[in-house]
Amino acid sequence: MHGCAPQIPALDLTPEIDLLWNDIQSAIADVMRSGQFVLGPQVHAFEDEMARALAVKHAVACNSGTDALVIGLRALGIGHGDEVITTPFTFFATAEAISLVGAEPVFVDIEPRTLNIDPQKIADAITPRTKAILPVHLFGHAADMDAILDIARRHGLVVLEDVAQAFGGRCRGRSLGSLGQAGAFSFYPTKNLGAFGDAGLLTTNDDHVARTARKLRTHGTERRDRNEMIGYNSRLDEIQAAVLRVKLPYVETWNRERRRAAATYRRLLADVPGVSPPIVEEYAIHAFNQYTVRVTACDRDALQQSLADAGVGTMVYYSTPVHQLPVYSDHHAELPVAEKAAREVLSLPIGPMLSNHAIGRVVDALRQACATVAPRQVVAA
Ligand SMILES: *Cc1c(COP(=O)(O)O)cnc(C)c1O
């Protein structure tokens, strides 16, 4: 029972919209007055600003993070008959993009600390058909890029980073999305830089990859009536680019506030046994798109329900690892670390404007819920 205490939703996008209301309104009005709505000056300015922010040579805006992955894979030359090594513990789109270009996802288990792909297990999965590694910087925490890039170099593979959840995150000081041959970003509204709809972006330092990606997003051509390949309609529109340009200068500060929120959680969770805060490796600066704890003391689903009854919204990313989804039922891999994580993870409310007071209430609710929910039945392995 939550009495008269206000609810804490899993995610609240309204404070940042309120903060920037006037600027966003006038940016959208300017686009409407300009009469240019698709792939115009706002998109080009946004691409330049993103390339500068990430210290990459090229940034190619497109319609979604999923499209950025698909276009990135194709621009890197991945297609039918190729295998791409990736993580099973991610949003479906990561693997879906691999399948969409005609290649086959090969799932490698994760390591238990960061829940990212385990570099130690990649080498065993390499076959003569392997062309690429697609690591995901899950929840905003860098995959171990030094180890991954080292394996890729030794085996002649390319690396496409899925940076959808990690804009502003770093690995050993370098921006995520600038380390592999290409990086795919999403600006879906829930990401750290969110549009007012769908939007995405591909980053690369490779001129050929950038040029191919630009063609692919506009029906396989740079010029009208010169179509060279089968591409997509994945043009970004001017209103989304204008909104993203208003928000972009704030993201670094907002990410710092996300880390402040995470530090508050960590301190308060220290006396909640059976709920483990996320681990941040020394090589990573976390972007905390999600604040995901592991619940070991009791049944995660029962705990989530109990928190909902107390007015605290949470999410489970992800309750089913990708290799166990119906669409990949012909994949018979057993990936016990990912399967265990799927039973234990719980994402708590986080955002740059979430107050320490609200975090205190979330943790109080967690402590109470843990005390009332029955201990978890022991699951083998
Ligand atoms: C959000 C997300 C995507 C897809 O991005 P969209 O813009 O929704 O298409 C891909 N991978 C991961 C890890 C994501 O979180």
Side-chain angles (χ1 to χ4, degrees), residues 13 16-17 19-72 75 161 163-164 166-170 174-178 182-219 221-224 231-255 287 352:
L13 298 174
E16 61 184 71
I17 297 169
L19 176 77
L20 301 176
W21 182 258
N22 291 332
D23 289 351
I24 289 174
Q25 229 186 4
S26 69
I28 291 176
D30 286 348
V31 171
M32 291 195 289
R33 264 189 291 268
S34 78
Q36 277 185 280
F37 297 111
V38 174
L39 280 191
Q42 292 296 322
V43 171
H44 295 128
F46 176 60
E47 290 179 334
D48 289 347
E49 288 162 7
M50 284 295 290
R52 216 171 309 132
L54 294 161
V56 292
K57 198 163 170 198
H58 305 283
V60 182
C62 63
N63 245 325
S64 68
T66 307
D67 279 9
L69 288 166
V70 168
I71 289 171
E161 299 170 69
V163 206
F167 178 55
R170 286 172 181 269
R174 294 167 67 195
S175 292
L176 301 179
S178 73
F185 289 82
S186 166
F187 309 113
Y188 185 74
T190 63
K191 313 293 185 178
N192 286 22
L193 173 58
F196 280 9
D198 279 304
L201 182 109
L202 188 77
T203 51
T204 184
N205 289 312
D206 183 312
D207 297 346
H208 177 72
V209 169
R211 192 156 176 209
T212 308
R214 284 184 198 285
K215 288 177 193 168
L216 285 169
R217 77 169 169 190
T218 53
H219 303 289
T221 186
E222 285 174 318
R223 290 180 291 155
R224 203 182 297 274
Y232 310 91
N233 171 2
S234 190
R235 302 172 298 225
L236 183 62
D237 73 70
E238 289 282 286
I239 288 180
Q240 297 307 338
V243 171
L244 290 165
R245 290 188 67 207
V246 172
K247 288 188 171 189
L248 179 56
Y250 295 87
V251 176
E252 214 177 289
T253 308
W254 288 345
N255 283 352

List the atom of [X], the atom of [Y], and the distance in Å for their closest heavy-atom pair.
X      : Y      : value
Cys62  : Ile71  : CB-CD1, 4.3 Å
Leu236 : Asp198 : CD1-O, 4.2 Å
Leu69  : Ala184 : CD2-CB, 3.6 Å
Ser178 : Val56  : CB-CG1, 3.5 Å
Ala287 : Gly169 : CB-N, 3.8 Å
Val43  : Ala61  : CG1-CB, 3.9 Å

N-O pairing of [X] and [Y] below 4.0 Å:
X      : Y      : answer
Lys247 : Glu16  : yes
Lys57  : Asp207 : yes
Arg217 : Glu47  : yes

Counting C-beta onward and ignoring hydrogens, is there a side-chain heavy-atom pair between [X] and [Y] closer than 4.5 Å?
X      : Y      : value
Ile24  : Phe196 : yes
Pro189 : Leu13  : yes
Gln36  : Pro41  : yes
Ile28  : Arg33  : no
Leu193 : Leu244 : yes
Tyr250 : Asn255 : no
Leu176 : Phe167 : no

Note to self: Before you tell me yes or no, could you show the steps for Asn205 and His58 under side chain to side chain contact (heavy atoms under 4.5 Å, CB included), namely the whole-Å CA-CA distance, both residues' side-chain angles and the distance that decides it to 0.1 Å?
What the structure shows: CA-CA 6 Å; Asn205 289 312; His58 305 283; 5.9 Å; no
Excluding sequence neighbours, so at least two apart, what forms side-chain hydrogen bond (donor to acceptor under 3.5 Å, both in side chains) with [X]?
X      : answer
Asn233 : Arg235
Gln240 : none
Arg174 : none

Around atom [atom1] of [X], are there more than 12 heavy atoms of other residues, nucleotides or ligands at under 6.0 Å?
X      : atom1 : value
Glu222 : CD    : yes
Arg245 : CZ    : yes
His44  : NE2   : yes

Next item on the list: Check the pair Tyr188 / Thr66 against side chain to side chain contact (heavy atoms under 4.5 Å, CB included), numbers first and verdict last.
Entry: CA-CA 10 Å; Tyr188 185 74; Thr66 307; over 6 Å; no
Notebook entry, point to check: Distance from Leu39 atom CG to Thr218 atom OG1, nearest 0.5 Å?
Noted result: 7.0 Å
Next item on the list: Compute the ring centroids of Phe187 and Phe46, then answer whether they are less than 6.0 Å apart.
Entry: yes
Check: Could you go step by step and tell me if Lys215 and Thr221 meet the side chain to side chain contact (heavy atoms under 4.5 Å, CB included) rule?
Finding: CA-CA 5 Å; Lys215 288 177 193 168; Thr221 186; 5.9 Å; no
Check: Passes side chain to side chain donor-acceptor pair (under 3.5 Å), Ser234 versus Asp67? Steps please.
Finding: CA-CA 7 Å; Ser234 190; Asp67 279 9; 2.6 Å; yes
